[in-house]
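Encoded as structure tokens, the structure appears first; notes follow it.
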Amino acid sequence: MSLTSPVFFLFLIITLFVYFTVPGRYQWLVLLVASYLFYAVAGIKLIFFLLLTTVTTYFAGLLLSRWKNKTRKKWLLAAVLLFNFGLLAFLKYYNFAIAGLNLILAPAGFALPSFSLLLPLGISFYTFQSAGYLIDLYRGKYQAETNPAKFALFVSFFPQIIQGPISRFDQLAPQLTAPHALDFDQLKYGIQLMLWGYFKKIIIADRAVVVVNTVLDNFTSHSGSIIAFAVFFYCLQIYCDFSGGIDIVRGTAQMLGINLRENFRRPYFATSLADFWRRWHISLGDWMRDYLFFPLSLAKPFYKLGKRTRKLFPGKLGKIIPTSLASFIVFFTIGIWHGANLKYIAFGIYNGLLISFAIVIEPYMKNFLQKVQINPQGRFWQIIQIISTNFLVFIGRYFTRAASLGAALQMLKKTFFFFQASAINSGALLDLGLTKLDYLLVLCGSLIILGVGFAQEKGTSIRKTLEQKNWAFQWALVMVTLFVLVVFGIYRQGFIASEFIYQQF
Amino acid sequence: MEEKVLAILAALNPDVDFTAETNLIDDDILDSFDIITLVGELNDTFKLDIGPQHLLPENFNSVTAIINLIKKLQAEG
């Protein structure tokens, strides 16, 4: 059930009604039933995989909390993590691996069968979330959940299972099981957040995608400037699609009285690539930091490597080599997680290299700025940093959007060597599937997002600002947004609200 | 102990007044790379075994928090 479908609204209204009607101590059961219903609609057979992860994690969790022997705990943790990530990898990469193997086996006359494996909805997100729970238990951060049904709800909670955010047990589970009285403020905030999400998704992302697909699925017949224009639209699309989807998820949860963590913090205001990744898909970044980057960097081999490199290269470089290596592995893992494709590996290397490079040159940069008398904390330098960060992110997007690494490199080559600025004219742009009105909506929508983002960067709470206006204004704003969504969104001919990008991961 | 910790922190970023900050992690003054360097130095200097399970914001948000963590780990031996 897509978050933009009428069925979802019906489902949500019924869930809300039942949730706030039953006594508080049964509310979590309503959420559990709703979550499994939601999941069953996506594919009843796929519940098997969800249950497999839930059951293995639940029992492993109980044992990790009970056992005292560290070695035993370590082996159990490793086995259950391997099983669950193995399942994820198998379902995600089986056909890719088989296709590769068959290429090798073909001369010998062998061929392995490929299956049409449907990826269970949200498998990455619930697997990551469950794995985090187990690692936390292993580290003794909290005690295991003993009620299997309550644990099942933590794994399957319906708004967030589709595309995150990846929650932590100690932050989410107590909220899920606590009673929640109907709170009109929470309901209002939830609706506001959902509308904001739909605005991003339906008004901007679902329009931008038209240009993106028209140009980039057939990039060889377009000039460099049009390709760059389409990649820029892809940046808009992916941000509005993913962050809009998360807004809808968080808004839905908030109506139920549950606060999910933020997953985006205005990434387009980032002042460095590292800063960008701290603001983009925050829950995945935090997960990778806590459960992969930290353990890797503090592991003995890395520690020894660090001692050696510090001797070999005194100063910043020596200190940074083992940590950079660990961050490379993280980016590589994130790349592979997106898909079994060389382009994602290249994307990982691209980010890892640039981030490491930025750290190494930091002291030289400081000296340079001092010499040319530029204040590194000043407005001017900040703007330069924001522009250059956005440019680096923009280049990185060539890799994620292109069909293959080869295509990405060709697209980049065309952009840099065959730009042909004159190809961008109103005639050409109107030939890409969008009308003047569509472009105007994308432009106005983006400016609104930028404006809201700017205010938030300055520390203004949009919610509080709205709160101070009178009720007529607040209602008018909701109505205008709804009107815009209905007129320019869902019911506009020729546009069908598309699936969310991150649902496929 | 405090002097040693402050010296290690100052080597990470000389521009920050570490005695005054109480939100080193939550305000992103120390990023994950800094944390790894810091932990390496603390482990070497105080002969500790700070592991990933100790890398929580509340253990590194201020000099006092860091010293408390060191004392706790030293007491555990």
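Here is the naming used below: chain letters follow the sequence lines, and residue numbers restart at 1 for every chain.
A distance of 6.0 Å or more separates the ring centres of A:Tyr268 and A:Phe454.
Evaluation of the ring pair (Phe, Tyr, Trp, His ring centres under 6.0 Å) rule for A:Phe328 yields no partner, not counting sequence neighbours.
When side chains are defined from C-beta on, A:Gln129 counts as touching A:Leu172, because their heavy atoms get closer than 4.5 Å. Taking the side chain as every heavy atom from C-beta outward, B:Leu24 and B:Phe60 never approach each other to under 4.5 Å.
Contact of B:Leu56 with chain A is made through the side chain alone, with heavy-atom distances under 4.5 Å. For A:Ile359, the part sitting under 4.5 Å from any heavy atom of chain B is the side chain, from C-beta outward, and nothing else.
Checked against A:Pro165 for a side-chain contact (heavy atoms from CB on, under 4.5 Å), the options A:Ile282, A:Leu284, A:Leu260 give a single hit: A:Leu260.
Within 6.0 Å of CH2 in A:Trp75 there are 12 or fewer heavy atoms belonging to other residues, nucleotides or ligands.
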May I have a list of the donor-acceptor pairs under 3.5 Å that connect chain A with chain B?
unit_1   : atom_1 : unit_2  : atom_2 : d
A:Tyr303 : OH     : B:Asp44 : OD1    : 2.0
A:Arg310 : NH1    : B:Glu41 : OE2    : 3.3
A:Lys366 : NZ     : B:Asp15 : OD2    : 3.2

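Note that CD1 of A:Ile329 is 4.0 Å distant from CZ of A:Phe302, once rounded to the nearest 0.5 Å.
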